[in-house]
Amino acid sequence: MNAGAQAIASSRSTTEVSLLLDIGSAWTKGIVVGRSVGRWRIAAQAAQPSSWDETDLIQTLAARLVGAADQRLTERLVTILGDAPRITCHTPARPGRIALAAVSADLSGRAARRAAESAGWVVAETATLDDERPAAERLAALQSADVDAWLLAGGFDDETGEAALEMAGLVAAARGASQTPVLWAGSPLLTDRVVNLFEPRMVRALPNPRPAVDRENPLPLRRYLEALLERLVEPGGRRQLAPVGFSRAVMQLARGGGRRISAIDLGARYATLVLADATGRSESRVLASGGLTSPTLTTPGTPARIAHSIDLPVDELAVADALQNLRARPGALPQTEEELAIVHGAARMLLEQLVGDESAFDSIDLLIGAGRTIAAAPTPAHAMSMLLDGARPLGVTQLAIDPAGALGPLGALEDQEIGEGVAMLRDDLLAPLGAAVVCRGGRSGQAAFRVTVHRAGWPSIGPIEVRGGQLQLIPLGRGQVAELDIELEPGISIGGARRARRSRASVLGGAVGLVLDARDVPLLLPRRTDDRRTILAAWRDALQHEPHLGTREAT
Amino acid sequence: MNGVAIHRIRLQRGSAVTVRVGAQIRPDEVIALRRQPLDPVRIPVARPLRRAPDDIDDVVQVRAGSRVVAGERLAGTGTQEVTAPVGGVVLAVSHLDGTILLAPLGAEEPVISHVRGKVRAIEEGAVAVEVPAARVRGVGGTGDAVHGELAIGVQNPEDELRAAAIDVGATGRILVGGSRASAEALTRARAMGVAGIVLGGVLDKELRDFESIQRRRREAGGMTGSFGLLLVEGFGKVGIDPQLFGWLRSHAGRMASLFGADGLLYVYDAGTAPIRRPLPRVGERIVAHRRPYQGRGGVVVALLDGMHAAASGIPTRMALVRFEDGRLAPVPLANIEATLAAPDH
């Protein structure tokens, strides 16, 4: 074991335990890692609202170790855990706040906003020339904005238009003598004139995120904003930030396992999406207001959308109140079935927003769900349902959850340690839910694809015909391997390289099984309330009830 | 927190602070002056100076962001000049039509402190005031900063504050309602000159309707005075915790400051407000925060060992609670808080 592994293993020789802590804005997750029969394993895990004292978490973890730990240590467990080496990550203390001024809401404004939000900033105020406000109102709004930085965008790369300069002037007027930095991410032909509006060395010119009407280039701006956020809001300790740690751990999992992984961490405040491949390349999107307390959930129309997406007869007004209560007290738990359905409906919508138009999301090998709402759902089927409905992973995908919340703290290890840390706990990190075959296209009720499932030592199942709008569950337990023969109907796609009508795939089972999902991407629901609830209930039942006679299906 | 709190009064950029560090301020005191920008005007530069619109850089003497006073020189060529017709802020210098875009500044408007206390610091964009008051932190709110005498508007904490119960006697006061107030009641309260309302809960829809009415009235220009709303328990019909309600009742008539958008209420010359603490112990009074018991008070009878599934199916640590209506129910520990009476109450 090298120095890296000692971050986990460097406890006193008598105890050999380490504590992983993920201190979230609403919940804190604690994990005891201990050595058992020569291997490092997750020995206990617990979570509690972050408003509770840490000693309560230690006591809970100690209580969970009783029976598993050496009896001679029982009396000393609280002390041992209190003294154990720790690897900690935490939600950023506060998000960075930025004001955005752009020429148009739909072009320069949208590209710049997405870059800022993906980098983990909260866009506290937006002003665009087409926002239908009088200039005086725009100026007053910018003057009142409490922000850490200003972002200016506008003008395509070959333009010298005055509109972008007008917005820059508005910011110069609103910002006054403040020393907050200004970022110019617009036409390079206007850079000199924009820079001249501010004090020397106050403006940083960056590549235009919308260089042409038909092209976006958000990455350079996003990268710079990520670095600026780290410098301005939480200098030092970048690895200890939960979204960063989570991304690093997922990248390591992808590299170590030679797989293409997508992972989603849905927290109370933050939502993080990571895409990583076997070469170690990764791309992440961090939304500081993308979690379950997101203000977008309580904007007009959203409660109605969520009410439409759940199978219980809960009206829009009750949904709105429940979502507001979730924002007000994110550490409290859904206590009733209705509240749980509302929270899960909100989670599905947030996943949908987070994934957005991420085409790279198709044809991934493994989709990981993290965050209490997904990873601590009442049943694995709830987690599977949220991931499938919200992310719609096209193709054949393994699904798993991070039940203990270990990925964030493991990602806080130093570069030279993270590989060994992840490798040591590989067997315990993820709880496999199973696999899914998700297709795009087709018509409701008409055949979409057929699957034959071959399992070693068992009779083959199928071919099973899956019709448009159907969800079927095939039993496939944890560790069980199955070979799938998939035959697509014309007009049906399972994404990426799988364009042929016939394909084969190998899948691993999990707590839920193998899901055959022909509900289209994005998910389509009937307009009539009764029809919608009936179909939603059928989908829920298909996933949550033990499959019988080989399959269970819902139309 | 009770006793002394530091409250930050945010100021719009460009406001001129009129108080000094160390000064004692009253809730009705002016602490700064601000001038709101008005609709901008275009001031021709190229034409009077006989220049092409794209050839004015060397004659313009201001830049976007500059503050100018009426009569100040904006551009000039020796004997000829263009001056500002009004004081304001320069927004842009256009090379398309050779004009300067200037946003005039309106009349000076006072920024009222709405808190009593001692000015501790003047920061960028804020004045920090040490407030000698008991502080009640809510879970939400809306509207302006206001101050006024505390008054009780309902008999019991679970009662609804009805429109008919709001009369001129409540003008200028901060009214403690109960479990809910309709948009109609809130609109009437504002129309009657009530400074603010403290509620246990409010329906999200009622609040949106009220805000929508206010927005329309503001756009129509018929709105006067400030109004703030503080929510102390949650959304929906939720009574105020009886202990907190009792404390508020016992301080009726005291001066208070309400900051709706910040979810804060300060009560001056008041004893310590009831304290809330997570993870209650057996025998302690609690208030529940989630349905079906949201806003209800009770006493913890036992803490259950291990994990138990709530009705939602989520396994969690639970407490057995005897609610005030006599019901005995297991409730997730994460969903309740101990409410501890103030030592001097």
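By convention in this document, chain letters (A, B, ...) are assigned in the order of the sequence lines, proteins followed by strands, and residues within each chain are numbered from 1.
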With chain B as the partner, which of [options] has the greatest number of non-hydrogen pairs under 4.5 Å?
options                                : value
A:Gly331, A:Ala140, A:Ala135           : A:Ala140
A:Ala47, A:Ala172, A:Ala332            : A:Ala332
A:Leu197, A:Val171, A:Leu340, A:Leu142 : A:Leu197
A:Thr336, A:Thr379, A:Leu139           : A:Thr336
A:Ala322, A:Ala174, A:Ala46            : A:Ala174

Take atom [atom1] of [X] as the centre, draw a 6.0 Å sphere, and report whether it contains more than 12 heavy atoms from other residues, nucleotides or ligands.
X        : atom1 : result
A:Glu337 : CD    : no
B:Arg277 : CZ    : yes
B:Arg8   : CZ    : no
A:Asp192 : CG    : no
A:Asp315 : CG    : yes

From [X] atom [atom1] to [Y] atom [atom2], the distance as rounded to the nearest 0.5 Å:
X        : Y        : atom1 : atom2 : result
A:Ser51  : B:Glu337 : OG    : CD    : 7.0 Å
A:Asp146 : B:Arg10  : CG    : CZ    : 3.5 Å
A:Gln143 : B:Gln36  : CD    : CD    : 7.0 Å
A:Gln324 : B:Lys205 : CD    : NZ    : 14.0 Å
A:Leu333 : B:His289 : CG    : NE2   : 12.5 Å
A:Gln335 : B:Tyr293 : CD    : OH    : 6.5 Å

Interface moiety of B:Pro292 toward chain A, non-hydrogen atoms closer than 4.5 Å: both
What part of B:Arg34 is in contact with chain A, defined as an atom under 4.5 angstrom from a non-hydrogen atom: side chain, backbone, both or neither? neither
Under a 4.5 Å cut-off applied to non-hydrogen side-chain atoms, are B:Leu279 and A:Asp53 in contact? no
Closest heavy-atom contact between A:Arg193 and B:Val93? NH2-O, 4.4 Å
Where is the tightest heavy-atom contact between B:Glu124 and A:Ser178, given as atom of each residue plus distance? OE2-OG, 3.2 Å
Please assess A:Glu339 against B:Ser312 for the test side chain to side chain donor-acceptor pair (under 3.5 Å), listing each intermediate value before the final yes or no. CA-CA 8 Å; A:Glu339 273 196 327; B:Ser312 61; over 6 Å; no
Judged by atom type as modelled, is there a donor-acceptor pair below 3.5 Å linking the side chain of [X] to the main-chain atoms of [Y]?
X        : Y        : result
A:Arg329 : B:Glu233 : yes
B:Arg63  : A:Asn196 : yes
A:Asp321 : B:Asp204 : yes
A:Asn325 : B:Gly234 : no
A:Glu166 : B:Leu91  : no

Go through [options] and name the one with the most non-hydrogen pairs under 4.5 angstrom from chain A.
options                               : result
B:Gly313, B:Pro37, B:Gly14            : B:Pro37
B:Ser66, B:Ala103, B:Ala92, B:Pro278  : B:Pro278
B:Val202, B:Asp57, B:Val139, B:Leu101 : B:Val139
B:Val90, B:Leu333, B:Ile336, B:Leu231 : B:Leu333
B:Ala311, B:Ala334, B:Ala310          : B:Ala334
B:Ala309, B:Gly125, B:Gly140, B:Ser94 : B:Ser94

Non-hydrogen atoms of chain B under 4.5 Å away: do they reach the side chain of [X], the backbone, both or neither?
X        : answer
A:Arg64  : side chain
A:Leu317 : side chain
A:Leu323 : neither
A:Ala341 : neither
A:Pro49  : side chain

Judged by modelled atom types alone, do B:Arg317 and A:Thr60 share a side-chain donor-acceptor pair under 3.5 Å? yes
